[in-house]
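Single-structure report; data block below.
All values reported here derive from a predicted model rather than from experimental measurement. Side-chain atoms are counted along with the backbone in the values below, which use heavy atoms only and exclude waters and symmetry mates. Numbering of residues begins at 1 and proceeds along the displayed sequence.
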Amino acid sequence: KKEAPAADAAPRTPLPVAEEPVTSVPPGAYDCGPNCPPETADQMRQMIPSSAPRYLPQVIAGSTDIDILTKAVAVHKNILLLGETGLGKTTALQYVAFLRGLPYASVNLNGGTTVEDFVGMWAPKESGGFAWRDGILTKFVRYGGLLAAEEVNAASPEILFALHGLLDDNRQLLITAKGDEPPIKAHPMFVFAATMNPAGSGRYAGTQELNAAFQDRFHVVLEFTGQNIPRIIHDKALVTAYERIHSEIASGQIEGILSTRGLKQFLENRAAFGLDVAREIFLQKFAPGAGRTTVSNFLDEVGLSGESGK
């Protein structure tokens with residue numbers, strides 16, 4: 001009987017995006033398993049990233065997030081990434097999937113995803129009766145790959161319940177909708193990763209603190225802090241403004257969303273529309289009133305005041 005290859009297959013040279021060497025597997029090393037239908041095998045292979053996304057790794061205890069994540073994925077450890085929106089959590093996971101040659105998908109669990117979408121459901125057949133249709137989680141459990149669950153701390157209780165057994169050391173998915181059918185043993189190249197924004201801040205509607213027993217199931221927990229923003233945003237004045245605004249948000253003085261994505265948008269809008277328009281668009285990301293006034297003052301103090309041209 002043909003076995004799926006181990007996750008620590010021979011390495012190949014990654015694209016020079018990360019600053020430290022990381023391991024990866026040769027293209028074609030992924031195998032969805034002996035019971036994988038040819039059509040499904042083709043679908044899963046099409047989900048393997050064909051190129052590395054642009055990403056600058058952050059330094060963690062003398063290593064990098066990419067090096068840590070790559071090693072964790074190689075031995076199918078459960079991964080949890082914490083941090084504000086727009087700091088690269090999803091991009092880092094996609095990059096690691098490319099390096100490991102694994103199918104990759106992300107699914108947002110912010111309330112719009114039901115347990116039927118995630119795990120699966122009975123669907124009517126044209127010929128009559130019903131047939132089981134795997135959700136994205138079950139598909140990856142059966143056939144392998146890196147599945148990223150976005151905003152896991154906004155997931156419904158039913159979804160979190162389905163994940164409990166899968167994230168145990170036994171790595172088995174029990175589908176209660178299928179009655180007495182035995183649980184599915186996870187494919188040897190299946191990896192579950194989750195991301196979450198800070199809960200309890202009021203900035204991310206629907207989020208909540210993770211149950212301690214559930215969070216304890218993650219072997220690798222990394223926090224994304226935005227330490228790489230000075231290397232990504234090549235505008236000293238804007239970086240200085242970012243640091244001041246971030247400090248005010250962290251202390252609860254102002255409310256708003258501050259991310260690498262937002263800073264890039266500021267620079268793009270300044271180039272396209274001029275500084276005045278870029279400022280006005282940027283200020284919309286913060287709560288009206290004193291918060292926007294504070295951010296506006298910070299921009300003035302670093303030299304990003306209006307009427308300055310592009």
I'd like to know whether Gln265 forms a side-chain hydrogen bond (donor to acceptor under 3.5 Å, both in side chains) with Lys285, so could you lay out the CA-CA distance, the side-chain angles of the two residues, the decisive distance to 0.1 Å, and finally the verdict.
CA-CA 11 Å; Gln265 291 168 353; Lys285 297 179 181 290; 3.0 Å; yes
* Check against side-chain hydrogen bond (donor to acceptor under 3.5 Å, both in side chains), Gln58 and Asn228 -> CA-CA 6 Å; Gln58 64 175 1; Asn228 289 336; 5.2 Å; no
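Using a 4.5 Å heavy-atom threshold, the side chains of Val220 and Asn78 count as separate. At least one side-chain heavy atom of Phe282 sits less than 4.5 Å from a side-chain heavy atom of Leu263. Under the 4.5 Å side-chain criterion, counting only non-hydrogen atoms from C-beta, Glu255 is not in contact with Phe286.
Remark: the Thr90 side chain and the Glu150 side chain contain an N/O donor-acceptor pair separated by less than 3.5 Å. Using a 3.5 Å distance cut-off with no hydrogens or angles, the side chains of Asp67 and Ser63 do pair a donor with an acceptor.
Closest heavy-atom contact between Pro124 and Phe130: N-CD2, 3.6 Å. The minimum heavy-atom distance linking Val73 with Val96 is given by the pair CG2-CG1, 3.7 Å. Across all non-hydrogen atoms, the minimal contact from Tyr30 to Tyr143 is OH-O, 2.5 Å. Between Lys139 and Asp134, the closest heavy-atom pair is N-CB, 4.2 Å. Contact detail for Arg171 and His187: the closest heavy-atom pair is NH2-O, 2.9 Å. Across all non-hydrogen atoms, the minimal contact from Gly144 to Met44 is O-CE, 3.2 Å.
Under the 4.5 Å side-chain heavy-atom criterion for ILVMFWY residues, no single connected hydrophobic cluster contains both Phe192 and Leu174. Tracing side-chain contacts under 4.5 Å through hydrophobic residues (I, L, V, M, F, W, Y), one never reaches Met121 starting from Ile184; they form parts of separate clusters.
Annotation: the span from Leu102 atom CG to Met47 atom CE amounts to 11.5 Å, rounded to 0.5 Å. The CD1 atom of Ile249 sits 7.0 Å away from the CD atom of Glu84 when rounded to the nearest 0.5 Å. To the nearest 0.5 angstrom, Asp300 atom CG is 11.0 Å from Phe298 atom CZ. For the atom pair NZ of Lys89 and CG of Leu222, the computed distance is 12.0 Å after rounding to the nearest 0.5 Å.
Put simply, the side chain of Asn170 never gets that close to the backbone of Gln172: no donor and acceptor are under 3.5 Å apart.
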